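Here the structure is a predicted model, which means the values were calculated and not measured.
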Amino acid sequence: MVEWRKVSIPLKRLAVGGVLALAMAALPASASLGGDAASIQADQIHMQGTRTMRAAESYTVHEIQGENGTTVREYISADGKVFAVGWNGPWFPDLKQILGTYFDQYSRARQAQPTTRIRRGPVLVNEPGLVVQIGGHVRAFAGRAYDPGLLPAGVGAESIQ
């Protein structure tokens, strides 16, 4: 049996990180684009962040402030669907996690874009059922992704930040 008082701080963090990784593996899929609101806690744990909520007229925004300084906002419609995600901060969020089932469509669209495009320029994917916009520079990134077909009535893309 390990006596925790005698274990160094980095080793304690490693042990806690391992426990969190195991706990996350047992959680349901994240509250990714097109998913439901019931699993937003998985994103919060994944980002090691704190969450706040604010209500708008026809949706709720769950904002997760990650430990690394990146903020992810998940827009949940009244029927419980994640219709959009937005982010900003010094680092990109885990796009595979927040785009969920839309990630493959995003990847295919990015691969199909001309290679002559400047690699450091903004990213725009405008496909049927998926819009992704990413911009910024080192330590100051921002982006948003949404499914136009899931936007609640009266909510425009300009509401997604």
How about Pro90 and Thr70: do any of their side-chain heavy atoms sit closer than 4.5 Å?
yes
Measuring from atom CD1 of Ile98 to atom CD of Glu74, what distance do you get when rounded to the nearest 0.5 angstrom?
7.5 Å
Keeping Arg51 on the side-chain end and Gln44 on the backbone end, is there a donor-acceptor pair under 3.5 Å?
no
Do Val72 and Met53 land in one hydrophobic cluster if side-chain heavy atoms of ILVMFWY residues count as linked below 4.5 Å?
no
Verify whether one side chain among Arg110 and Gln113 offers a donor that lies under 3.5 Å from an acceptor in the other.
yes
Side-chain contact test, heavy atoms from C-beta onward, threshold under 4.5 Å: evaluate it for Ile160 versus Leu151 and give yes or no.
yes
Indicate if Trp91 and Val85 have the same hydrophobic cluster label, given that clusters are the connected sets of ILVMFWY residues with side-chain heavy-atom separations under 4.5 angstrom.
no
Calculate, to the nearest 0.5 Å, the distance between atoms NZ and CD1 belonging to Lys81 and Ile76 respectively.
10.5 Å
Measure up the Tyr75 and Tyr59 rings against each other and bin them: parallel (under 30°), tilted (30 to 60°), perpendicular (over 60°).
tilted
Any side-chain heavy atom of Arg73 within less than 4.5 Å of one from Asn88?
yes
Hey, are the side chains of Pro148 and Val131 touching, using non-hydrogen atoms and a 4.5 Å cut-off?
yes
Quick check for you: to the nearest 0.5 Å, what is the distance between Phe103 atom CZ and Leu95 atom CG?
6.5 Å
What distance separates Tyr146 OH from Leu33 CG, expressed to the nearest 0.5 Å?
11.0 Å
For Val155 and Ser58, the nearest pair of non-hydrogen atoms, with its separation, is CG2-OG, 3.3 Å
How long is the gap from CG on Leu150 to CG on Leu130, to the nearest 0.5 Å?
10.5 Å
Side-chain heavy atoms of Lys96 within contact of Tyr106, under 4.5 Å:
no
Answer yes or no: is there a donor N or O on one side and an acceptor on the other, between the side chain of Glu127 and the main chain of Val132, under 3.5 Å?
no
Out of the candidates Ile40, Thr50, Thr71, only one should pair with Ile64 under the side chain to side chain contact (heavy atoms under 4.5 Å, CB included) rule; please name it.
Ile40
Minimum-distance pair of heavy atoms, taken over all atoms of Pro93 and Trp87
CD-CD1, 3.3 Å
Could you list the residues that satisfy salt bridge (charged side-chain N to carboxylate O under 4.0 Å, His left out) with Glu63, not counting sequence neighbours?
Arg54
